Amino acid sequence: MQIKAPRGTYDILPEEAVKWQWMEQIMKETAARFGYQEIRTPVFEHTELFQRGVGESTDIVTKEMYTFHDKSQRSLTLRPEGTASCTRALIEHSLYNGTLPIKWFYAGPMFRYDRPQTGRYRQFHQFGVEAFGSRSPFLDAEVLFLLVEILQGMGLSEYELHLNSVGCPLCREQYRQKLIDHMAPVKDKLCKDCQVRYLQNPLRVLDCKEATCHQAIINYPTLIDNLCDDCRTHYGMVQQTLKDNGIEFVHDNNLVRGLDYYTNTAFEVHIPGIGAQSAVGGGGRYDGLVESIGGPSLPGIGFALGMERLLLAVDKLGCVSRAQQTVDVFLAVMQENLENQAASLLYKLRQQGLSADKDYNQRSGRAQMKLADKLGAKYVILLGEDEIKGNFVTVRDMKSKEQWKIDNEGLIPFLHECLDNR
RNA sequence: GUGGAUGUAGCUCAGUUGGUUAGAGUACCAGAUUGUGGCUCUGGGGGUCGUGGGUUCAAAUCCCAUCAUCCACCCCA
């Protein structure tokens, strides 16, 4: 049987890779403008990091991790997300002793064992940012501003930003109890999944899509009405800052993020029309995370964007124009016995900073011209017996069809001048 | 993990109630133009019909299994 890319993985071929470069460029440039620096962490970590960092009860840890043992029987896991690794690096290098906040961005592959569908892969890519060491609501706003700036930079203005606050451990625990009390009398009416959620993580009943569940718990107490004073004030300032700066969002009582580490601000960005997996990004504040994986008490906030979903949206909404990669000069060789000289000339052109290419399959002169055309060559250099004898080359402008005989010595300056004048 | 749809050339797809050598468009290569591109014309290569079993005189076609893709659920990016 022919070997294919494993389930849920795929190749990014050159044509597609151009789009990735374009997208990464926007992301990195925007993050830099906001004062975020790149960090690169390993793609695998000790399994324990994710168990503690992401949360034992999450779907990611319970059923989606690529976990394996290396030859020394260490349990390692391909990273399912980026925040845990960043936090580990922060602690490992004691960076919390330095200037705060620390503002990082990263981009790279993540791995989750899940059933593939449009916009969902087993190896997928995220761009994310993390800011450690400040609880300021203005930092929350900055992170959201950065997120929106990236979307707009990609020409994606049709997004929906959902916002909520999941409170701090203190007020959330009180709220949790209140919610359980509210649901207790009607728990039999909940769907199967929600029966389990009711016991393990009652907040997640709120974002169940079953209409019957929503009806059963109608008039439920909301998170926002049960925040403590500090959390309420914090959330209010985040919202106000966004409003003051014209960033549209909707407060969403049902938004409860799946990862255990979130506190206070939680958010999700959706782009309608790219399939069922419409969440292109999500994030929030995680003030307890650093401590929970062995560091000092240090607050943090971040988000992650799904890169293939963003490209899906870009393709769907068709708002990019990307130039085809072309070559400045194509070298057409008219006699086989001139290959040595052709190779030297080609190398020389490239050393002089020109993009140049030639045929390697003994094509006829005509076929070489066709190839030059296909590669988008601006100029073709013809090299044949006449040229060699006369110490010159023939240069053809592919657009105007003009041709000149140029001295060997004058060739490079001539080409540079031609290209500069285009 | 659950349910549904679909797998024929690199790509997009035809292929009749099971019947002889599986087709088209496009892409690729060559020639017309032996040293000159886009257009046109002519020719050519390329398929174990996803894979493995079964039914049949005969299977791309019917049955089973398996793998993969897509859609939805779950969940998330």
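Atom set for the values below is all heavy atoms of this structure, side chains included, hydrogens, waters and symmetry mates excluded. Letters A, B, ... mirror the listed sequences (proteins, then strands); counts begin at 1. Keep in mind that this is a model prediction, so the values were computed, not measured.
- Annotation: B/C64 and B/U17 have their C1' atoms spaced 23 Å apart (nearest Å).
- With distances taken from any side-chain atom of A/Arg115 to the nucleotides B/A77, B/A30, B/A72, the minimum falls on B/A72.
- Distances were taken from every side-chain heavy atom of A/Arg120 (C-beta onward) to each of B/C28, B/A77, B/U40; the shortest belongs to B/A77.
- Summarising the geometry, the separation between NZ on A/Lys358 and C1' on B/G37 is reported as 18 Å, rounded to the nearest angstrom.
- Rounded to an integer number of Å, the gap from A/Tyr159 OH to B/A77 P is 19 Å.
- OP1 or OP2 of B/C29 lies within a sub-4.0 Å distance of a side-chain N or O belonging to A/Lys374.
- B/G50 and B/A59 have their P atoms separated by 15 Å, given to the nearest Å.
- Comparing A/Leu371 and A/Glu385 along RNA chain B, the residue whose closest nucleotide (by nearest heavy atom) sits nearer the 5' end is A/Leu371.
- Distance check on atom C1': B/C29 versus B/A65 gives 41 Å, rounded to whole Å.
- For B/U36, the base has no donor-acceptor partner in the side chain of A/Gln368 [N/O atoms by modelled type, under 3.5 angstrom].
- Comparing B/A9 with B/A60, their P atoms are spaced 14 Å from each other, to the whole Å.
- Ion pairing between a basic and an acidic side chain is recognised when a charged N comes within 4.0 Å of a carboxylate O; A/Glu64 and A/Arg122 show no such pairing.
- In terms of phosphate contacts, A/Arg7 brings a side-chain nitrogen or oxygen within less than 4.0 Å of OP1 or OP2 of B/U69.
- In the set B/A30, B/A72, B/G38, the nucleotide with an atom closest to the side chain of A/Gln117 is B/A72.
- Without hydrogens or angle criteria, A/Asp140 side chain to A/Val238 main chain gives no donor-acceptor distance under 3.5 Å.
- Checking B/U36, B/C74, B/A30 against the side-chain heavy atoms of A/Thr394 singles out B/U36 as nearest.
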Strand RNA chain B as a dot-bracket string - pairs counted if Watson-Crick or G-U with both distances under 3.5 Å, | where the partner lies in another strand: (((((((..((((.....[...)))).(((((.......))))).....(((((..]....))))))))))))....

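- The CZ atom of A/Arg79 sits 6.5 Å away from atom OG of A/Ser85, with the distance rounded to the nearest 0.5 Å.
- Nucleotides B/G52 and B/C67, compared at atom C1', are 10 Å apart to the nearest Å.
- Of the side-chain N and O atoms in A/Arg396, none sit less than 4.0 angstrom from OP1 or OP2 of B/G37.
- By the 4.0 Å N-to-carboxylate-O rule, A/Lys389 lies too far from A/Glu387 to be salt-bridged with it.
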Derivation of the ring-ring contact (aromatic ring centres under 6.0 Å, His included) call for A/Tyr379 and A/Phe330: CA-CA 6 Å; A/Tyr379 296 92; A/Phe330 185 90; over 10 Å; no

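- Spacing of C1' atoms, B/U16 relative to B/U61, comes out at 10 Å, to the nearest Å.
- Checking B/A72, B/G35, B/C28 against every side-chain atom of A/Glu387, the shortest atom distance belongs to B/G35.
- Using a 4.0 Å cut-off between a side-chain N of Lys or Arg and a carboxylate O of Asp or Glu, A/Asp357 and A/Arg350 qualify as a salt bridge.
- A residue-by-residue look at A/Asp386 and A/Gln362 shows that A/Gln362 has its nearest nucleotide of RNA chain B further toward the 5' end.
- With rounding to whole Å, A/Lys405 atom NZ is found 16 Å from B/G35 atom P.
- Both the sub-6.0 Å distance and the 45° axial angle are not jointly satisfied by A/Lys103 relative to the ring of A/Phe105.
- For A/Leu382, the listed nucleotide lying nearest its side chain is B/G35; candidates were B/G35, B/A68, B/C76.
- Closest to the A/Ser364 side chain, of the nucleotides B/G35, B/C76, B/G31, is B/G31.
- Side-chain atoms of A/Asn408 do not come within 3.5 Å of backbone N or O of A/Leu411 as any donor-acceptor pair.
- Rounded to the nearest Å, the gap between the C1' atom of B/U42 and that of B/U33 is 14 Å.
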